[in-house]
Novice: 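My questions all concern the structure below.
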Amino acid sequence: MIPTCNKPGFETRRGLAFTIGSKSQGRCKVMQEQRNIQQQRSRRWGIVATKTLGLAGGTAVLVLSWLGVTGKWGHAVGEQQPQATTAQMSQGQNLAEIQLNIGVVQRFGEKLTDKLLLKPRTPGAKLLLNFEGGDGQPLSLELPELELSIESKPLETSVMAERLVLSAHRSFENAENNAQEWLKKGLPVEIAQPGRWQVWAKRDVYSTPLLRRLLLMSLQARLEESAFMETDLMQKEPVVSWTINGYRYHRKVLGISASEGMISVARSKDDRQPNRYPGTLRVQPNAYGSYTLVNKVDLETYLRGVVPHEVGMDPPTASLEAQAILARTYVLKNLHRFDVDGYDLCANTHCQVYKGGDTWDPADRAIAATAGQVLTYNNELVDAVYYSTSGGITAAYEDVWNGIPRPYLHPVLDAAQNIWDLSRDNLADEANFRRFISMNNGFNEEKTDLFRWRETSSIAEMNQRLKEYLRDKNHPLANFQTIKSLKVANRSAAGRVLQLVVTTDVGTVELEKDEILQGFYAPLSTLFYLEPIYGADQKKLEGYAFVGGGFGHGVGFSQLGSHKLAKLGWTTDRILKFYYPGTEIQPLSSNITLTGKATQPPPSRK
């Protein structure tokens, strides 16, 4: 019998853990809290709850099917697989009603020294705390400021924290594509970000050590080398703590609001630039044994904390308005990104940079002027990806990430005039590419800092970075001693490196697409060529120079390129159609498809 939270003395944790021996019900409250978060988010977006495969039937068959015992991929007898669902706007829903949950401080409590200092920004205002009292009843307290710290609390019994990692990735886009590949094989999965993005075997399906090990054995038998187990025997756990009137509280969930105005959040007393957040805050557990500080805020207010920090210095109005439309589209398209942790998006470059209430009047005007507008392709929100600098040509979606090509994300020469003929001088040709990179004039981003660059790295630096990357992926060659050579083995028609072959003393490693930027620190984009650096004898390889252009992934909208086009008098609509051909600006409505959940199983196969 699998222990559950419904039985006194036992629990299964909706995070990483199963217990050894009996335990109190304290963690069951956390488990239920995470379920409540998911249910609230599903209700908000009208996502239909789907049935998951149970342990006795579906899970066992999933494992056995991978072992080759059954004739189908993971379908229990008489069991209907959940259908993929799509979240859509409720009919007539007002923009002000769209509430977002943004993880503004992630993994709080990974270090015992972690602290957060919170106080109202409005003089005379108070913080209002809401949490569960010692008697299990809701408790509210009021105070002028709050310091949150972390205490290590001994567990009554040891807890084995464990997850079966199916793959690790630099980007969410590749993790999501890999998740879909597993789902096509009938394997329930979820996407997480404990550091790098990872795809996990779904924990509430593969909920015991036996099932996880059976699945891992099956994967290994099928030569799925990317899968590995992460296990940690926990004897203590971090708990959020604070003191009021000499009494110290310890809780895993805490609601925080201000009686008036915004809330300032600093990481330490020396933090000179604390962020200020509108709306409410909430400390809640994540999937990694630590916590997230989540800001609940409406959509248009959220954009006021994004647009000024994403588009760059002194952008013209049309560029600002384009950024506002893209930021709105992006958030609505990506609400499933942190499902595993019970919130929508992060506040850094893995999502969109969000700094709360730190806004700027021109950005506010751009947001107001484009209120409710999103970018669509065939009545579906686009993947509104953007970056700093293209280097003179944008990348196709498939040049950087795995997955289905997006028809509106193909290479675009980032220049107002046609100064290069791609149909004649394809940049997959190395000579053409080097000639292109040597050009500095006529492009939208010319004379910007990161338009062209030459970054060098020693063999020692490259060894260290590559080893870290390979260890994170549990790669069999992670213990190599030194790099012998690098070679660009494949380049796209837009010049992006698709495959970089690294020869080491123990074998060859192939890095593909955006994983190259994780494997090595020096290149600022995948738009580069290599120059070996030799010692004085011209024989000993001492390092490499990466010579290229652009900063970021290069897919979609160039923020700095849009500045030039706006200064030339291009409209917001024209700029967006330049970077996303075939798209249309539309007001948000129930007729537009928003997003689907990345880890929903596919329809049942008959």
Side-chain angles (χ1 to χ4, degrees), residues 310-326 366 375 377 382 384-400 405-454 491-497 524-529 547-585:
E310 279 288 6
V311 75
M313 296 292 291
D314 300 322
T317 298
S319 177
L320 263 177
E321 291 181 356
Q323 180 68 72
I325 292 170
L326 292 174
L375 193 64
Y377 184 85
V382 302
V385 288
Y386 55 86
Y387 52 89
S388 164
T389 314
S390 71
I393 187 168
T394 72
Y397 185 94
E398 63 272 22
D399 286 355
V400 178
R406 275 54 165 175
Y408 51 86
L409 290 175
H410 59 71
V412 173
L413 184 67
D414 203 354
Q417 303 296 325
N418 189 17
I419 60 174
W420 184 275
D421 187 350
L422 270 179
S423 62
R424 185 189 65 193
D425 297 322
N426 190 302
L427 297 184
D429 178 83
E430 193 70 15
N432 285 343
F433 177 74
R434 294 191 180 214
R435 183 161 58 90
F436 180 86
I437 287 296
S438 70
M439 295 173 60
N440 292 299
N441 298 319
F443 296 94
N444 291 332
E445 303 159 342
E446 64 182 33
K447 299 180 181 178
T448 59
D449 290 344
L450 300 175
F451 176 63
R452 293 284 179 260
W453 40 260
R454 185 178 190 273
R491 191 184 293 281
S492 77
R496 303 281 162 173
V497 178
L524 305 181
S525 75
T526 55
L527 194 70
F528 67 83
Y529 65 86
V547 184
F551 182 56
H553 51 70
V555 183
F557 179 78
S558 166
Q559 292 167 318
L560 292 182
S562 74
H563 290 197
K564 173 69 173 293
L565 295 177
K567 289 175 182 177
L568 291 174
W570 287 35
T571 64
T572 300
D573 181 67
R574 186 180 177 189
I575 291 172
L576 289 175
K577 286 182 176 177
F578 175 78
Y579 287 111
Y580 306 88
T583 59
E584 180 183 2
I585 299 173

Novice: Does the plane of the ring in Tyr579 sit parallel, tilted or perpendicular to the ring in Phe557? Use 30° and 60° as the thresholds.
Specialist: perpendicular

Novice: Look at the side chain of Thr394 and the backbone N and O of Val412, then say whether any donor-acceptor pair between them is shorter than 3.5 Å.
Specialist: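 Yes, the answer is positive, given that a donor and an acceptor are paired below the 3.5 Å cut-off.
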
Novice: Would you say the ring centroid of Phe436 lies under 6.0 angstrom from that of Phe443?
Specialist: yes

Novice: Sub-3.5 Å donor-acceptor pair from the side chain of Asn444 to the main-chain atoms of Ala416, do we have one?
Specialist: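 Yes; at least one donor-acceptor contact below 3.5 Å.
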
Novice: Sub-3.5 Å donor-acceptor pair from the side chain of His563 to the main-chain atoms of Asp314, do we have one?
Specialist: no

Novice: State, yes or no, whether a side-chain contact exists between Leu326 and Leu576 at a heavy-atom distance under 4.5 Å.
Specialist: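 With C-beta onward as the side chain, the pair touches.
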
Novice: For Tyr386, is there any backbone N or O sitting under 3.5 Å from a side-chain donor or acceptor partner on Gln559?
Specialist: no

Novice: Test Val311 against Ser319 for side-chain contact (heavy atoms from CB on, under 4.5 Å), laying out the working first.
Specialist: CA-CA 8 Å; Val311 75; Ser319 177; 3.7 Å; yes

Novice: Should we count CG of Asp429 as having more than 12 external heavy atoms under 6.0 Å?
Specialist: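 Counting other residues, nucleotides and ligands, CG of Asp429 exceeds 12 neighbours.
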
Novice: Ring of Tyr377, cation from Arg406 - is the NZ or CZ under 6.0 Å from the centre and inside 45° of the axis?
Specialist: no

Novice: For the backbone of Gly556 and the side chain of Tyr580, can you confirm whether one donor and one acceptor N or O come within less than 3.5 Å of each other?
Specialist: no

Novice: Taking Gly549's backbone N and O only, do any of them form a donor-acceptor pair with Ser525's side chain (distance below 3.5 Å, no angle check)?
Specialist: yes

Novice: Kindly write out the residues that satisfy salt bridge (charged side-chain N to carboxylate O under 4.0 Å, His left out) with Arg434, not counting sequence neighbours, or none if the list is empty.
Specialist: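 Arg434 satisfies salt bridge (charged side-chain N to carboxylate O under 4.0 Å, His left out) with Glu430 only.
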
Novice: Donor-acceptor check, side chain of Arg452 to backbone of Gly391, threshold 3.5 angstrom: yes or no?
Specialist: yes

Novice: Under 3.5 Å, is there a donor-acceptor pair between the side chain of Trp420 and the main chain of Asp425?
Specialist: yes

Novice: Given 3.5 Å as the limit, does a donor-acceptor pair link the side chain of Glu446 with the main chain of Gly442, or not?
Specialist: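 Pair found, side chain donor or acceptor close to backbone of Gly442.
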
